[in-house]
Amino acid sequence: MLPVGFIAAVLVISFSAFWVMSTITQSQVGGVDLNSQDLKVRLDELRWSLQMLILAAGLFAVAQGAAAFFNAQSFSKQAEDAIKRVQEQAREAEARYPVFARTETVRHEAYASLADI
């Protein structure tokens with residue numbers, strides 16, 4: 001599956017290329033004689049196109065942030081579940097083999113008493 005950032009970049013570049021091509025085509029098909037009103041209309045169209053381009057980039061950035069948030073949330077939940085599972089297995093092992101659990105406790109106490117000397 002493609003990452004969201006790659007898809008966003010491809011869409012923004014594609015939109016930009018489409019806009020440039022349409023602008024070039026319109027300038028070649030349209031008359032060369034442009035008065036101030038025509039220039040104002042063209043500048044307004046250009047401004048609108050650039051605003052849409054920036055808006056699309058912003059929306060993709062928000063989408064990437066949301067995807068990263070949900071990915072991190074899922075990872076955290078999986079980690080917490082794994083920790084709970086390991087703790088449960090440790091409790092079961094201590095209940096099943098109490099001699100080993102007691103040996104570990106004695107070893108910790110021995111190291112603690114050696115550190116105090």
* Interatomic spacing from CZ in R42 to CD in E45 - rounded to 0.5 Å -> 7.0 Å
* **Shortest non-hydrogen contact from S113 toward A110** => OG-O, 2.8 Å
* Which pairs, with at least one residue in residues 46-62 and sequence neighbours excluded, count as a side chain to side chain donor-acceptor pair (under 3.5 Å)? -> W19-S49, D44-R47
* Can K77 and D81 be counted as an ion pair, charged N to O under 4.0 angstrom? -> yes
* Asked: Do F69 and Q73 touch side chain to side chain, with heavy atoms closer than 4.5 Å?
  -> yes
* Any chance you could measure F75, atom CZ, to E80, atom CD, to the nearest 0.5 Å? => 11.0 Å
* Asked: Distance from L50 atom CG to L46 atom CG, nearest 0.5 Å?
  -> 4.5 Å
* **Backbone N/O of N71 and side chain of S74: donor-acceptor pair under 3.5 Å** => no
* CZ on R96 to CD on Q89, rounded to 0.5 Å -> 10.5 Å
* To do: Flag yes if L53 and F60 sit in one hydrophobic cluster, no otherwise; membership is Ile, Leu, Val, Met, Phe, Trp, Tyr, and two members link when side-chain heavy atoms are under 4.5 Å apart.
  => yes
* **Residues E88, R91: salt bridge by 4.0 Å N-O rule** => yes
* **ILVMFWY cluster, L59 and M52 together (side-chain gap under 4.5 Å)** => yes
